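Both counts, for ligands and for their atoms, begin at 1 and track the order of listing. The first residue in the sequence is number 1, and the count goes up from there. Keep in mind that what you see is a predicted model, and the values were worked out from it rather than measured.
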Amino acid sequence: MAGGGVPPSGTGEDGEQPSVGLGFETRAIHAGQPPEPSTGAVVTPIFQTSTFAQREVGADQAYEYSRSGNPTRTALETCLADLEGASHGTAFASGLAAEDAVFRCLEPGDHVIVGDELYGGTFRLLDRVHSLTGLEFTAIDLSDAERLHAAWRPTTRMVWLETPSNPRLQVTDIAAVAEVAHGRDALVVVDNTFATPYLQRPLAVGADIVVHSTTKYLGGHSDVVGGFVATSDEAVAERISFLQNATGAVPGPFDCFLVLRGIKTLAVRMDRHCQNAAAVADALAAHPAVERLYFPGRPDHPGHATARAQMRAFGGMVSFTVRGGEAAAVAVANATRVFTLAESLGAVESLVDHPHRMTHASLAGSPLAVDPALLRLSVGLELAADLIGDLHQALEALPA
Ligand SMILES: Cc1ncc(COP(=O)(O)O)c(C=O)c1O
């Protein structure tokens, strides 16, 4: 079952996933996407319909209304759940809508421990939406799972983490966090947006729920906004599926098609993102205008060993601070020509972000506020030499 209360199109008649035993790249292209039975179309069609004709009143049928279920959405839910190694996948209209559904699984008075490096919108959702309805949360450095014990309350029901985190790419040992949380009957949620299931599969190392902004690497082309929840916990899956229909933050069929199409090339794109990011990180490490570099692929990164153990490679994101503080960082962000100054990440084109004033502005004044001298790069698929040349010209324009 893959969300929406309807049978997944990728499930065989005997209910078995046809993709069992196949590799990631093969499943990314085929899971949940058999040729369309009525026409043989090789690509899952965009079922651009809001409703489905019913044979007779009360007849049991797969699809009735597209908020509750749509075949293009089912294909996406089946495929991405498969890639995450989850038995259930539920697609949402954005990453934040997916996160909202997960937080709604908790009750007023419940306590959540979150990593202290967090996408600004996730913090805002907790701080200005869910805390108003009684959810409590504490942000701590999760790079040492032992710190969990001190922050734990009798009401703690969930631990939420990003690894690598946004924006400084801190790495958390998922298995270590899961060991502590499961001993105390709490759910572990991993935002796997930065790594994608190609690089890291949190459920396989103990997480209970994976969330995604499919807007990023999964879509991969900066042309769609979407979110996803994957889990093999039956009770959670039932609740998330209920919330998807009851609150209605569903992606349209065309958006599902775009994410599905992006996923087909995820593996090859991620390989190149990782290569280019490593080359950019090496170039930045050698540049005198760079003060601190954050890239989990470098041996001096504090999370390097954990990243090596739980990830296939180190991802396509690189962050750094510039000597000269905020003014210098802003000058560099404004001076790049190949890197586009924009929010978001994970697409074919390289982007530069000034988190303090852009993606993480909602953290200003909170203990999670971001260093104003920090820049975050989403390293795209252009020629690495062009990306490095662009950063050099932007850094060299800084006053000495
Ligand atoms: C790590 C992470 N999680 C969640 C989100 C939210 O996703 P969306 O913008 O699709 O709502 C973002 C957005 O940038 C993100 O970077």
Side-chain angles (χ1 to χ4, degrees), residues 76 80 84 90-104 112 114-130 139 142 160-172 174 189-197 199-200 202 207 209-230 244 247-252 255-256 258-259 262-263 270 273 294 296 311 315-319 340-347 349 351-363 368 370 374-379:
L76 170 61
L80 190 45
E84 283 290 359
T90 315
F92 286 89
S94 69
L96 281 177
E99 295 186 9
D100 182 59
V102 173
F103 289 130
R104 282 175 193 269
V112 186
V114 296
D116 63 0
E117 269 248 334
L118 210 54
Y119 168 59
T122 306
F123 176 80
R124 183 178 56 206
L125 179 63
L126 274 169
D127 190 46
R128 297 185 50 194
V129 180
H130 285 284
L142 283 173
W160 181 290
L161 59 105
E162 291 176 10
T163 183
S165 64
N166 186 357
R168 284 184 308 154
L169 311 171
Q170 287 178 335
V171 175
T172 296
I174 301 168
V189 184
V190 175
D191 183 333
N192 205 24
T193 299
F194 273 33
T196 82
L199 299 183
Q200 169 175 283
I209 302 172
V210 163
V211 295
H212 277 287
S213 168
T214 57
T215 315
K216 311 298 177 347
Y217 289 104
L218 295 167
H221 296 77
S222 296
D223 52 11
V224 64
V225 171
F228 202 80
V229 179
Q244 181 196 43
T247 65
V250 292
D255 289 355
C256 293
L258 286 172
V259 178
I263 288 173
M270 289 314 291
H273 280 298
Y294 302 93
M311 298 176 75
M317 302 297 295
V318 178
S319 297
T340 302
L341 178 64
E343 305 206 354
S344 203
L345 59 111
E349 62 281 319
L351 303 179
V352 56
D353 167 46
H354 181 246
H356 177 69
R357 289 213 213 153
M358 294 168 64
T359 45
H360 291 64
S362 55
L363 298 178
L368 280 66
V370 174
L374 187 79
L375 291 174
R376 188 192 74 184
L377 303 177
S378 172
V379 181

Problem set entry | Nearest-0.5 Å distance that lies between atom CG in Leu345 and atom CZ in Arg376 | 5.0 Å
Exercise. Going by the atom numbers of ligand 1, which of them fall below 4.0 Å from some non-hydrogen atom of Gly226?
Worked result: 10 (O)
Exercise. Would Glu99 and Thr122 count as a side chain to side chain donor-acceptor pair (under 3.5 Å) if you check the C-alpha gap in whole Å, the side-chain angles of each, and the deciding distance to 0.1 Å?
Worked result: CA-CA 8 Å; Glu99 295 186 9; Thr122 306; 2.8 Å; yes
Exercise. Nearest to atom 13 (C) of ligand 1, what protein heavy atom do you find, and at what distance?
Worked result: Lys216 NZ, 2.6 Å
Exercise. What's the verdict on side chain to side chain donor-acceptor pair (under 3.5 Å) for Ser222 and Glu349, showing C-alpha distance, side-chain angles and the deciding distance?
Worked result: CA-CA 8 Å; Ser222 296; Glu349 62 281 319; 2.5 Å; yes
Problem set entry | Nearest neighbour in protein (non-hydrogen) for atom 16 (O) of ligand 1 | Asn166 ND2, 3.0 Å
Exercise. Considering only the protein, which heavy-atom contact is closest to atom 15 (C) of ligand 1, and what is its distance?
Worked result: Tyr119 CG, 3.7 Å
Exercise. Judged by atom type as modelled, is there a donor-acceptor pair below 3.5 Å linking the side chain of His360 to the main-chain atoms of Leu368?
Worked result: no
For this session: Determine yes or no for a side-chain-to-main-chain donor-acceptor pair under 3.5 angstrom, with Gln200 supplying the side chain and Thr163 the backbone.
Result: yes
Problem set entry | ligand 1 atoms in contact with Ser94 (distance to a heavy atom under 4.0 Å) | 10 (O), 11 (O)
Problem set entry | Selection from Gly120, Ser378, Ser213, Gly346 by shortest heavy-atom distance to atom 7 (O) of ligand 1 | Ser213
Problem set entry | Region of Glu99 that comes within reach of ligand 1 [heavy atoms, distance under 4.0 Å] | side chain
Exercise. Taking the inter-plane angle between the rings of His273 and Tyr217 on a 0 to 90° scale, is it parallel (under 30°), tilted (30 to 60°) or perpendicular (over 60°)?
Worked result: perpendicular
Exercise. Which residue supplies the protein heavy atom nearest to atom 1 (C) of ligand 1, what is that atom called, and how far is it?
Worked result: Asp191 OD2, 3.4 Å
Exercise. Does any N or O atom in Val225 lie less than 3.5 angstrom from one in ligand 1, N or O only?
Worked result: no
Exercise. Among protein heavy atoms, which sits nearest to atom 8 (P) of ligand 1, and what does the distance come to when rounded to 0.1 Å?
Worked result: Gly95 N, 3.4 Å
For this session: Look only at the side chain of Ser94 and the backbone of Gly226, and say whether a donor-acceptor pair between them is shorter than 3.5 Å.
Result: no
